[in-house]
Amino acid sequence: MTDFNKFNKAFNLHSQGKIKDAEKIYKEILEQNPDNAEVLNLLGIIKIKENLFNEAVDLIKKALSIVENSYFYENLAKAYEGTKNYKEEIKTLKKACKLKDCGFEIYFLLGLAYKNNIEFKNAEKAYLKALEINPQSEKTCYNLASLYLFLNNPQKAIEYFKKCLEIKPGDKEVLYFLSLAYFRIKDYETGEKHFENRLCRQTAIISQEITYPNLIKKSKLWQGENIFDKTLYTYYEAGFGDMIMFARYLPELQKRCKKIILKPQKELSELFRENFPQIEVMDLFYDENEFDFDVHVPFLSVPYTMGLKNKQIFTGHKGYLKAKKEKVAYFKTKFFNNDKFKIAIKWQGNTYYEKDRVINVEAFSPLFNLPDVKIYSAQTFEGSEEFEKLSSKYDITDLSKSFKDFSYTAGALANIDLVICSDTSLAHLAGAMGKPCIVLLPYNYNWRWHMDLTHCDWYDSIKLFRLGEKESWNELMIRVVKSLKNI
């Protein structure tokens with residue numbers, strides 16, 4: 001069999017996904033012709049697929065030493081991306097840009113590489129060049145819009161998300177992220193409508209269809225119609241912080257219906273029950289035969305369904321949750337019977353959503369030098385293993401083992417003078433209770449804190465500190481400590 005026939009056979013096997021068979025023949029060809037650039041490149045592609053990126057780099061670099069073309073550079077760049085060697089990836093793609101056959105894909109990959117290497121202005125230029133070559137590229141519009149959202153330029157993000165929708169109308173993911181861009185500029189009237197496309201909403205509804213298949217069939221999703229004589233069932237769909245933040249709407253929601261049945265996460269059930277005694281708060285899902293409701297709605301859809309507009313969204317920002325007196329007294333006796341200024345800290349939330357919000361515990365060390373201050377850890381679950389790094393050096397008391405649920409956390413916070421934490425559920429609880437709180441935001445921060453960080457629209461008692469573009473958490477904490485000394 002000639003090399004030409006072997007190549008065709010191997011390429012067909014490769015195209016069919018029969019990688020091992022194709023690889024075997026490719027290697028046979030190279031034994032006879034070690035300088036077959038096309039086969040070297042194809043073997044490199046196989047190694048990329050097998051996550052053997054260093055082997056891929058060697059193979060494709062050899063192919064490029066024989067024949068230089070943009071396709072080989074593109075594959076070499078992908079191999080470097082696999083090793084997270086973004087600097088070499090950028091060098092490779094810039095070489096490809098000098099070739100006559102350089103096209104859209106090279107500039108698109110260059111945009112990704114620059115973004116991964118934290119060179120945002122260069123990423124923007126590369127994406128714009130890719131769009132110049134292919135104005136109908138939905139993925140480039142999406143990546144550019146996401147970059148602008150990351151860079152806190154929601155107006156530009158909106159522009160390019162809209163271009164995505166011109167190319168691919170009705171894309172739910174694009175509509176969801178478009179809603180976050182509108183939220184960032186506090187245009188909730190527009191954003192809420194698009195926010196209904198969020199994935200967790202669909203997941204929440206599906207979970208209810210599984211749990212209460214017969215009830216969901218006979219009841220309907222509440223669309224904002226009059227339900228004064230109806231029982232409304234509303235249920236969680238996102239994190240603890242989201243549920244606490246949106247709990248501000250429950251008093252108004254109570255006025256709109258005969259009865260509310262609320263299903264939060266079980267960790268929040270007791271806190272909500274203590275604060276909203278007229279609402280039936282579930283700990284666990286009820287048996288379908290013993291449960292009944294007329295309409296249902298995911299909890300994060302409540303403000304949209306109630307028709308709240310822009311400034312109405314921020315109702316209840318003066319504090320709408322309280323701790324039970326007995327729990328406040330319990331924590332005071334056990335932990336807080338001293339005359340020092342009491343600061344509770346938390347450095348990590350749920351990393352499933354965003355890893356940028358994790359703060360290295362050593363960054364809190366400047367707090368321990370403040371006079372007449374006592375530091376308490378409110379870190380629970382994921383990240384609590386980091387407590388030892390502080391406790392081995394400083395006088396810090398761990399509160400978390402006394403937190404059976406959020407009602408106990410609230411009891412502890414009632415005794416605290418100040419909370420300093422990452423963007424996490426503890427911040428929302430402190431804000432909802434009207435407790436002074438400093439929230440430490442990453443450079444790429446969540447939509448809900450908006451553009452003007454000199455104040456917090458959701459909670460009067462929260463002050464926001466954002467990480468600078470090249471600032472470390474330690475440096476940010478020094479700024480926080482200086483502000484406390486001024487106070």
Side-chain angles (χ1 to χ4, degrees), residues 240-241 244-245 271 274-275 316-349 359 361 363-380 383-384 387 390-391 393-403 406-441 449 453-456 458-466 473 476-487:
F240 297 130
I244 293 170
M245 186 170 115
L271 177 67
E274 290 172 359
N275 281 273
H317 57 282
K318 293 186 182 297
Y320 49 89
L321 293 180
K322 292 180 173 58
K324 198 171 182 179
K325 289 181 180 179
E326 292 84 350
K327 289 172 183 172
V328 177
Y330 163 78
F331 278 98
K332 181 174 179 58
T333 301
K334 188 169 183 178
F335 296 107
F336 300 106
N337 199 7
N338 62 73
D339 58 359
K340 292 190 176 182
F341 188 83
K342 303 165 184 65
I343 299 178
I345 63 173
K346 187 178 181 183
W347 48 86
Q348 184 172 329
I359 302 170
V361 292
F364 287 89
S365 58
L367 291 174
F368 291 87
N369 296 323
L370 290 169
D372 299 316
V373 166
K374 171 66 178 168
I375 308 295
Y376 299 85
S377 169
Q379 181 65 47
T380 55
S384 57
F387 174 77
L390 291 178
S391 62
K393 297 179 183 178
Y394 306 106
D395 175 24
I396 180 170
T397 299
D398 184 13
L399 299 172
S400 65
K401 292 181 176 59
S402 298
F403 294 164
F406 274 91
S407 70
Y408 283 84
T409 310
L413 286 196
N415 291 281
I416 290 290
D417 296 305
L418 174 66
V419 176
I420 301 178
C421 63
S422 59
D423 180 2
T424 180
S425 57
L426 187 71
H428 290 281
L429 181 58
M433 293 176 66
K435 298 296 295 185
C437 177
I438 290 174
V439 180
L440 309 174
L441 301 177
W449 308 117
L453 297 179
T454 60
H455 71 287
C456 176
W458 297 101
Y459 310 104
D460 284 351
S461 64
I462 281 183
K463 188 173 182 180
L464 303 168
F465 278 76
R466 180 194 183 191
W473 287 114
L476 176 62
M477 190 61 68
I478 290 170
R479 285 202 284 127
V480 170
V481 168
K482 283 182 180 177
S483 75
L484 294 178
K485 285 180 178 177
N486 292 335
I487 293 171

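The residues of the chain are indexed from 1 along the displayed sequence. What you see below is based on every heavy atom in this structure, not just the backbone, and it leaves out hydrogens, waters and symmetry mates.
- With sequence neighbours excluded, no residue forms a ring pair (Phe, Tyr, Trp, His ring centres under 6.0 Å) with Tyr330.
- Looking at every heavy atom in both residues, Leu271 comes nearest to Lys322 through CD1-O, 4.2 Å.
- Closest approach of Leu484 and Leu367 over heavy atoms only: CD1-CD2, 4.0 Å.
- Taking 4.5 Å as the limit, every side-chain heavy atom of Val419 sits out of range of all side-chain heavy atoms of Ile343.
- Within the 4.5 Å cutoff, the side chain of Ile438 has no heavy atoms near those of the Leu464 side chain.
- Remark: side-chain polar atoms of Ser461 are paired, donor with acceptor, to backbone N or O of Lys435 under 3.5 angstrom.
- With sequence neighbours excluded, no residue forms a ring pair (Phe, Tyr, Trp, His ring centres under 6.0 Å) with Phe364.
- Between Phe465 and Ser483, the closest heavy-atom pair is CZ-OG, 3.6 Å.
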Give the table of side-chain donor-acceptor pairs shorter than 3.5 Å for residues 370-379, with sequence neighbours excluded, one pair per line with atom names and distance.
| residue | atom | partner | partner atom | Å |
| --- | --- | --- | --- | --- |
| Lys374 | NZ | Asp395 | OD1 | 2.9 |
| Lys374 | NZ | Asp395 | OD2 | 3.4 |
| Lys374 | NZ | Thr397 | OG1 | 2.8 |
| Tyr376 | OH | Phe335 | O | 2.9 |
| Tyr376 | OH | Asn338 | ND2 | 3.1 |
| Ser377 | OG | Gln379 | N | 3.3 |
| Gln379 | OE1 | Trp347 | N | 3.0 |
| Gln379 | OE1 | Gln348 | N | 3.0 |
| Gln379 | NE2 | Gln348 | O | 3.1 |
| Gln379 | NE2 | Glu382 | O | 2.8 |

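- Using cut-offs of 30° and 60° for the angle between ring planes, the His428 and Tyr459 rings count as perpendicular.
- Checked against salt bridge (charged side-chain N to carboxylate O under 4.0 Å, His left out), Asp460 has the following partners two or more places apart in sequence or in another chain: Lys318.
- Taking the ring pair (Phe, Tyr, Trp, His ring centres under 6.0 Å) definition, one finds that Phe240 meets it with Phe406, sequence neighbours left out.
- Looking only at distances, a side-chain donor or acceptor of Lys342 sits under 3.5 Å from a matching main-chain atom of Lys340.
- From Leu399, atom CG reaches atom OG1 of Thr380 across 11.0 Å, with rounding to the nearest 0.5 Å.
- Between Cys437 and Ala430, the closest heavy-atom pair is CB-CB, 3.9 Å.
- Residues satisfying the side chain to side chain contact (heavy atoms under 4.5 Å, CB included) test with Ile478, not counting sequence neighbours, are Pro366, Lys482.
- Shown here for Tyr320 and Met245, the closest heavy-atom pair between the two residues is OH-O, 3.2 Å.
- Between the CG atom in Leu413 and the CZ atom in Phe403 there is a gap of 6.5 Å [rounded to 0.5 Å].
- Taking the side chain to side chain donor-acceptor pair (under 3.5 Å) definition, one finds that Asn275 meets it with nothing, sequence neighbours left out.
- Applying the ring pair (Phe, Tyr, Trp, His ring centres under 6.0 Å) criterion to Trp473, with sequence neighbours excluded, gives no partner residue.
- Minimum heavy-atom separation, Ile462 to Cys456: O-CB, 3.6 Å.
- Side-chain atoms of Thr333 come within 3.5 Å of backbone N or O of Ala329 as a donor-acceptor pair.
- Two residues are said to be in side-chain contact when any heavy atoms from C-beta on lie closer than 4.5 Å; Thr409 and Leu429 meet this criterion.
- Within the model, atoms OG1 of Thr454 and NZ of Lys463 stand 10.0 Å from one another, a figure rounded to the nearest 0.5 Å.
- Using the six-membered ring where Trp is involved, Phe331 and Phe336 have ring planes that are tilted, between 30° and 60° apart.
- The side chain to side chain contact (heavy atoms under 4.5 Å, CB included) check on Tyr394 picks up Ser365, Phe368, Leu390, with sequence neighbours excluded.
- Ile359 places a side-chain heavy atom less than 4.5 Å from the side chain of Leu440.
- With sequence neighbours excluded, the residues satisfying side chain to side chain contact (heavy atoms under 4.5 Å, CB included) with Thr424 are Lys346, Cys421, Ser422, Leu426.
- Residues that satisfy the salt bridge (charged side-chain N to carboxylate O under 4.0 Å, His left out) test with Lys325, not counting sequence neighbours, are absent from this structure.
- In this structure, the side chain to side chain contact (heavy atoms under 4.5 Å, CB included) partners of Lys324, at least two apart in sequence or on a different chain, are Glu274, Glu326, Lys327.
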